[in-house]
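As the structure lists them, so they are numbered: ligands from 1, and atoms in each ligand from 1.
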Amino acid sequence: MRVAITGSTGRLGRALMAAFGDAPFTGPSGPVGWDRAAFDLDDAARTADALLDRDRPEVVVHAAAWTDVDGCARDGELARRRNGDATGALARACAKRGVDLIVISTNEVFDGTRRDGRGYAPDDPAGPANAYGASKLEGECQATAAYDAADATGRLAIVRTAWLFGPGAPDFPHKIVRAGEKALRAGSSLWAVGDEWGTPTYTHDLAEALVWLVGEDAVVAPGERVAIHHIVGGGLASRADWARDVLGRVGLDVTVDEVPGSTWSRASTPPAWAVLAPTPLPGREPLRPWPEAMADYALSLRRSRTASNSTTRA
Ligand SMILES: NC(=O)c1ccc[n+]([C@@H]2O[C@H](COP(=O)([O-])OP(=O)(O)OC[C@H]3O[C@@H](n4cnc5c(N)ncnc54)[C@H](OP(=O)(O)O)[C@@H]3O)[C@@H](O)[C@H]2O)c1
């Protein structure tokens with residue numbers, strides 16, 4: 001099966017390239033990676049058709065996005081074009097050719113004000129609190145319209161996820177290691193947000209789940225054209241909980257002081273309750289609890305700590 005992945009050099013894109021590369025159904029050549037040079041979100045309407053005709057994938061996983069949430073808040077119109085219109089252009093090109101599309105989306109399509117302790121379900125009303133969430137919701141809506149069109153073929157899966165961690169540019173765990181080392185040197189405590197809750201999700205685990213959905217032909221239920229999945233790590237955590245977990249794993253003995261998110265002024269407002277209720281993965285267990293995934297990731301964190309220690313000594 002021919003699979004193409006947009007944003008193939010990003011955090012999730014790298015994990016997808018590895019997971020689909022290992023999947024027997026993608027054959028010896030593995031998936032096709034469409035990086036920024038191949039599929040520029042600023043030029044999607046022009047390039048989507050040409051790329052699909054050139055590589056003729058049967059499934060496209062759309063992981064590319066403008067993920068700078070504060071940048072999106074400063075230029076909401078650009079965010080809408082990159083995360084909304086570009087997704088729409090890709091979806092229309094795929095639907096016209098009967099290509100299945102998986103659009104990666106986010107918990108930030110919800111406003112995060114929920115107070116009943118439950119995670120957001122796919123049919124809960126969306127209502128983004130920031131420009132990034134609004135632009136991603138626009139992408140979901142344009143993709144759905146493309147596959148709802150009378151002449152559309154193929155199927156659409158919207159996969160919402162949250163709080164991704166994994167190899168790539170510094171993620172939350174790596175930033176906490178850096179901040180923890182700094183606090184240790186200064187003999188101070190570390191401030192971490194105690195009133196933001198989410199579901200940390202390991203890119204490796206999410207990528208494996210997507211391979212499963214594609215391999216089992218379960219991206220969309222039989223007879224349906226469009227599906228929404230919530231795929232996140234098991235359990236939940238505050239940012240402060242997650243920071244304590246990270247510090248413990250790399251042996252940094254630093255006290256975490258919980259502070260409100262409003263401590264730092266930001267262009268974007270993150271949702272306080274970033275918790276998604278996971279949807280069932282047909283024939284497969286849900287993703288493992290996030291601390292188990294962190295245990296696997298800890299080696300990478302410890303290596304980064306060792307590397308920074310040797311840089312400091314040099
Ligand atoms: N990170 C999270 O916590 C999180 C949570 C929920 C959902 N998501 C969603 O998950 C997906 C993957 O996110 P990620 O964490 O892997 O983000 P990432 O590491 O920032 O990767 C984003 C990818 O998009 C590409 N990209 C950015 N701007 C582009 C442009 N103008 N044209 C073409 N490509 C462009 C990047 O290319 P370069 O490599 O060249 O920069 C990169 O490959 C996104 O759809 C995001 O909205 C992320």
*Asks:* Name the residue from Leu41, Val61, Leu90, Ile104 that meets the side-chain contact (heavy atoms from CB on, under 4.5 Å) definition with Thr6.
*Replies:*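 One option only clears the test, and that one is Leu90.
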*Asks:* Just which atoms of ligand 1 are under 4.0 Å from any heavy atom in Trp163?
*Replies:*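 Under 4.0 Å from Trp163, ligand 1 has these atoms: 3 (O), 5 (C).
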*Asks:* Suppose I only count heavy atoms of Leu12 and a 4.0 Å limit; which atoms of ligand 1 are within that range?
*Replies:*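 Listed by number with element: 12 (C), 16 (O).
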*Asks:* Using a 4.0 Å heavy-atom cut-off, say whether Thr161 meets ligand 1 through its side chain, its backbone, both or neither.
*Replies:*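 The answer is both.
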*Asks:* Starting from atom 27 (C) of ligand 1, what is the nearest protein heavy atom, named by residue and atom, and what distance separates them?
*Replies:*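 Closest protein heavy atom to atom 27 (C) of ligand 1: Ala65 O, 3.1 Å.
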*Asks:* Do me a favour and list the nearest non-hydrogen protein atom to atom 12 (C) of ligand 1 with residue, atom name and distance?
*Replies:* Ala63 O, 3.3 Å
*Asks:* Quick one: does NZ or CZ of Arg155 land under 6.0 Å from the six-membered ring centre of Tyr147, within 45 degrees of the ring axis?
*Replies:* no
*Asks:* Indicate yes or no: does an N/O atom of Lys136 lie under 3.5 Å from an N/O atom of ligand 1?
*Replies:* yes
*Asks:* For the rings on Trp242 and Trp163, is their centre-to-centre separation under 6.0 Å?
*Replies:*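 Yes - the distance between ring centres of Trp242 and Trp163 falls below the 6.0 Å cut-off.
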*Asks:* State, without any angle test, whether Trp273 and Asn107 hold a side-chain donor-acceptor pair at a distance under 3.5 Å.
*Replies:*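 Distance-only check fails for Trp273 and Asn107.
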*Asks:* For atom 17 (O) of ligand 1, what's the nearest protein heavy atom and its distance?
*Replies:*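 Residue, atom and distance for the closest contact: Thr67 CG2, 3.5 Å.
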*Asks:* Which protein non-hydrogen atom lies closest to atom 40 (O) of ligand 1, naming both residue and atom, and how far is it?
*Replies:*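 Protein heavy atom with the smallest distance to atom 40 (O) of ligand 1: Arg36 NE, 3.0 Å.
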*Asks:* Can you list the atoms of ligand 1 that are under 4.0 Å from a heavy atom of Thr9?
*Replies:*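 Answer for ligand 1: 37 (O), 38 (P), 39 (O), 40 (O), 43 (O).
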*Asks:* What atoms of ligand 1 come within less than 4.0 Å of a heavy atom belonging to Tyr132?
*Replies:* 8 (N), 46 (C), 47 (O)
*Asks:* Hey, what's the ring geometry for Trp191 with Trp264, parallel, tilted or perpendicular (30° and 60° as the breaks)?
*Replies:* perpendicular
*Asks:* Students should be able to answer this: which protein heavy-atom is nearest to atom 3 (O) of ligand 1, and at what distance?
*Replies:*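 The closest heavy atom on the protein side is Leu164 N, 2.9 Å.
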*Asks:* Ligand 1 versus Glu108, non-hydrogen atoms closer than 4.0 Å: side chain, backbone, both, neither?
*Replies:*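 No part of Glu108 comes within reach of ligand 1.
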*Asks:* Under 6.0 Å between the ring centres of Tyr202 and Phe165?
*Replies:* yes
*Asks:* I'd like to check whether Gly13 has a polar contact with ligand 1, where a contact means an N/O of the residue lying under 3.5 Å from an N/O of the ligand.
*Replies:* no
*Asks:* For atom 9 (C) of ligand 1, what's the nearest protein heavy atom and its distance?
*Replies:* Ile104 CG2, 3.8 Å
*Asks:* Under 4.0 Å between a side-chain nitrogen and a carboxylate oxygen: does that hold for Arg225 and Asp148?
*Replies:*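 No salt bridge links Arg225 with Asp148.
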*Asks:* For Ala169, is the nearest heavy atom under 4.0 Å from an atom of ligand 1?
*Replies:*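 No.
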*Asks:* For ligand 1, is Ser105 a contact, meaning one of its heavy atoms is under 4.0 Å away?
*Replies:*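 Flag set, Ser105 near ligand 1.
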*Asks:* How far is atom 21 (O) of ligand 1 from its nearest protein heavy atom, and which residue and atom name does that atom have?
*Replies:*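 For atom 21 (O) of ligand 1, the nearest protein heavy atom is Gly10 CA, 3.4 Å.
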*Asks:* Asp42 and side-chain hydrogen bond (donor to acceptor under 3.5 Å, both in side chains): which single residue from Arg36, Arg81, Arg82 fits?
*Replies:* Arg82
*Asks:* Is it true that the side chains of Ser105 and Glu140 contain a donor and an acceptor less than 3.5 Å apart?
*Replies:* yes
*Asks:* Among protein heavy atoms, which lies nearest atom 19 (O) of ligand 1, and at what distance?
*Replies:*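 Protein heavy atom with the smallest distance to atom 19 (O) of ligand 1: Arg11 N, 2.9 Å.
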*Asks:* Ignoring hydrogens and angles, state whether a donor on the side chain of Ser8 or Asp35 is under 3.5 Å from an acceptor on the partner side chain.
*Replies:* no
*Asks:* Between the side chains of Asp70 and Arg74, is the shortest nitrogen-to-carboxylate-oxygen separation below 4.0 Å, so that they form an ion pair?
*Replies:* no
